Amino acid sequence: MKKVLIVMGSDSDLPVMQNACKVLDELGVGYEVRISSAHRAPAKTAALAGGAAAGGFGVIIAGAGGAAHLAGVIAAETILPVIAVPIKSGALVGLDALLAMVQMPAGIPVATVAIDGARNAGILAAQILAQADDALGQRLAAFKADMLAGVEGKDARLQELGVAGYLAQK
Ligand code: RP5
């Protein structure tokens, strides 16, 4: 099975980006985690991106804050799908990273999730890999079924206890 390459601009991104790792663990998807920066280590970043397909990766997740060019620079060096995670940081608390990642020029797309949305990035990466992996597709279907069961359980409890009772036991 192909793996997910997770790249982040700094170790300060790791507390958020670990949520991609956690959900990939839940889904049984292999991954590698690297620190590289579009601005502080441009050649390293280009080499990581350019070698990813040959290295057995099928999708790349890139997390960065600030003037976040990491996902776009990676996407420029590969035809693998790239998922961007804007990280909440600095004076603009992630809005700068979100806009930099969403507003890519025509021809170099990245799929941008919410600010600090690393868990969704992991799920989306797994969904991409599942297009060529039926067993992973079945695990993703079970994952969705678990979410549905969670909602149904909460709704049943709300109907049983009423609003005040539900909140009192929450
Ligand atoms: C970005 O600048 C990194 O992705 C990080 O989100 C932000 C701050 O980096 P540090 O100064 O904490 O290393 O490149």
Side-chain angles (χ1 to χ4, degrees), residues 1-41 45-46 48-49 52-53 55-133 136-137 139-148 150-151:
M1 190 219 288
K2 299 229 170 155
K3 300 173 290 179
V4 179
L5 176 60
I6 300 173
V7 186
M8 64 202 77
S10 170
D11 61 352
S12 62
D13 302 320
L14 202 46
V16 169
M17 294 305 292
Q18 68 171 333
N19 294 310
C21 305
K22 283 179 184 169
V23 77
L24 290 171
D25 284 337
E26 288 171 39
L27 291 166
V29 176
Y31 57 86
E32 193 173 311
V33 185
R34 305 295 299 267
I35 295 170
S36 193
S37 165
H39 302 116
R40 295 168 178 159
T45 298
L48 271 176
F57 298 100
V59 55
I60 300 173
I61 298 173
H69 296 106
L70 182 63
V73 165
I74 287 173
E77 299 285 350
T78 182
I79 61 164
L80 294 177
V82 176
I83 303 169
V85 183
I87 302 288
K88 192 190 294 175
S89 73
L92 301 183
V93 288
L95 186 58
D96 44 353
L98 172 66
L99 295 179
M101 288 169 157
V102 163
Q103 294 296 107
M104 285 294 296
I108 309 291
V110 300
T112 304
V113 296
I115 294 172
D116 285 357
R119 183 172 171 86
N120 265 2
I123 296 168
L124 182 56
Q127 289 175 329
I128 291 168
L129 295 184
Q131 300 313 302
D133 185 331
L136 175 56
R139 293 199 294 280
L140 278 160
F143 179 83
K144 274 194 186 296
D146 282 349
M147 281 193 288
L148 173 61
V151 171

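Given the structure is predicted, the values throughout are model-derived calculations rather than measurements.
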For Ala125 and Val4, which heavy atoms make the closest approach, and how far apart are they? CB-CG2, 4.0 Å
Taking Asn19 for its side chain and Val16 for its backbone only, find out whether a donor-acceptor pair lies under 3.5 Å. yes
List the residues meeting side-chain hydrogen bond (donor to acceptor under 3.5 Å, both in side chains) with Gln18, not counting sequence neighbours, and say none if there are none. none
Under 3.5 Å, side-chain donor or acceptor atoms of residues 100-116 against the rest of the protein: list the pairs with distances, not counting sequence neighbours.
| unit_1 | atom_1 | unit_2 | atom_2 | d |
| --- | --- | --- | --- | --- |
| Thr112 | OG1 | Met101 | O | 3.2 |
| Asp116 | OD1 | Lys88 | N | 2.9 |

Going by the rule side-chain contact (heavy atoms from CB on, under 4.5 Å), which residues pair with Ala130 if we only count those two or more places apart in sequence or in a different chain? Leu136, Leu140
Partners of Arg40 by salt bridge (Lys or Arg N to Asp or Glu O under 4.0 Å), sequence neighbours excluded? none
Taking C-beta and beyond as the side chain, do Phe57 and Thr78 meet within less than 4.5 Å on heavy atoms? no
Is any side-chain heavy atom of Val59 less than 4.5 Å from a side-chain heavy atom of Ile83? yes
side-chain contact (heavy atoms from CB on, under 4.5 Å) with Ala20: which residues, sequence neighbours excluded? Ile6, Ile61, Ala118
What closest approach, in Å, do Gly94 and Pro86 show between heavy atoms, and which atom pair accounts for it? O-CB, 4.3 Å
Can you tell me if Leu148 has over 12 outside heavy atoms packed within less than 6.0 Å of its CG? yes
Do Ile74 and Leu48 have side chains that approach each other closer than 4.5 Å (heavy atoms only, starting at C-beta)? no
Residues in side-chain hydrogen bond (donor to acceptor under 3.5 Å, both in side chains) contact with Arg139, at least two apart in sequence or another chain: none
All heavy atoms of Leu24 vs all of Ala126, minimum pair found to be CD2-CB, 4.4 Å
Check side-chain contact (heavy atoms from CB on, under 4.5 Å) between Leu99 and all other residues, then give those that pass, not counting sequence neighbours. Leu95
Once side-chain hydrogen bond (donor to acceptor under 3.5 Å, both in side chains) is applied, do any residues pair with Gln127, and if so which ones, sequence neighbours excluded? none
Output all residues satisfying side-chain hydrogen bond (donor to acceptor under 3.5 Å, both in side chains) with Ser89, sequence neighbours left out; order by chain, then residue number. none
At their closest point, which heavy atom of Asp13 faces which heavy atom of Ala64, and how far apart are they? OD2-CA, 4.1 Å
What heavy-atom pair brings Met8 and Val33 nearest, and what distance separates the two atoms? CE-CG1, 3.3 Å
Side-chain donor-acceptor distances from residues 65-73 under 3.5 Å, at least two apart:
| unit_1 | atom_1 | unit_2 | atom_2 | d |
| --- | --- | --- | --- | --- |
| His69 | ND1 | His39 | NE2 | 2.8 |
| His69 | ND1 | Ala67 | O | 3.0 |

Minimal non-hydrogen separation, Ser37 against Thr45, with atom names: O-OG1, 3.0 Å
Qualifying ring-ring contact (aromatic ring centres under 6.0 Å, His included) pairs with a residue from residues 75-100, counting only residues at least two apart or across chains: none
Atom pair CE (Met17) and CD1 (Ile35), whose distance is rounded to the nearest 0.5 Å: 11.0 Å
With a 4.5 Å heavy-atom cut-off, do Lys3 and Tyr31 have their side chains touching? no
With sequence neighbours left out, the residues meeting side-chain contact (heavy atoms from CB on, under 4.5 Å) with Lys2 are Leu129
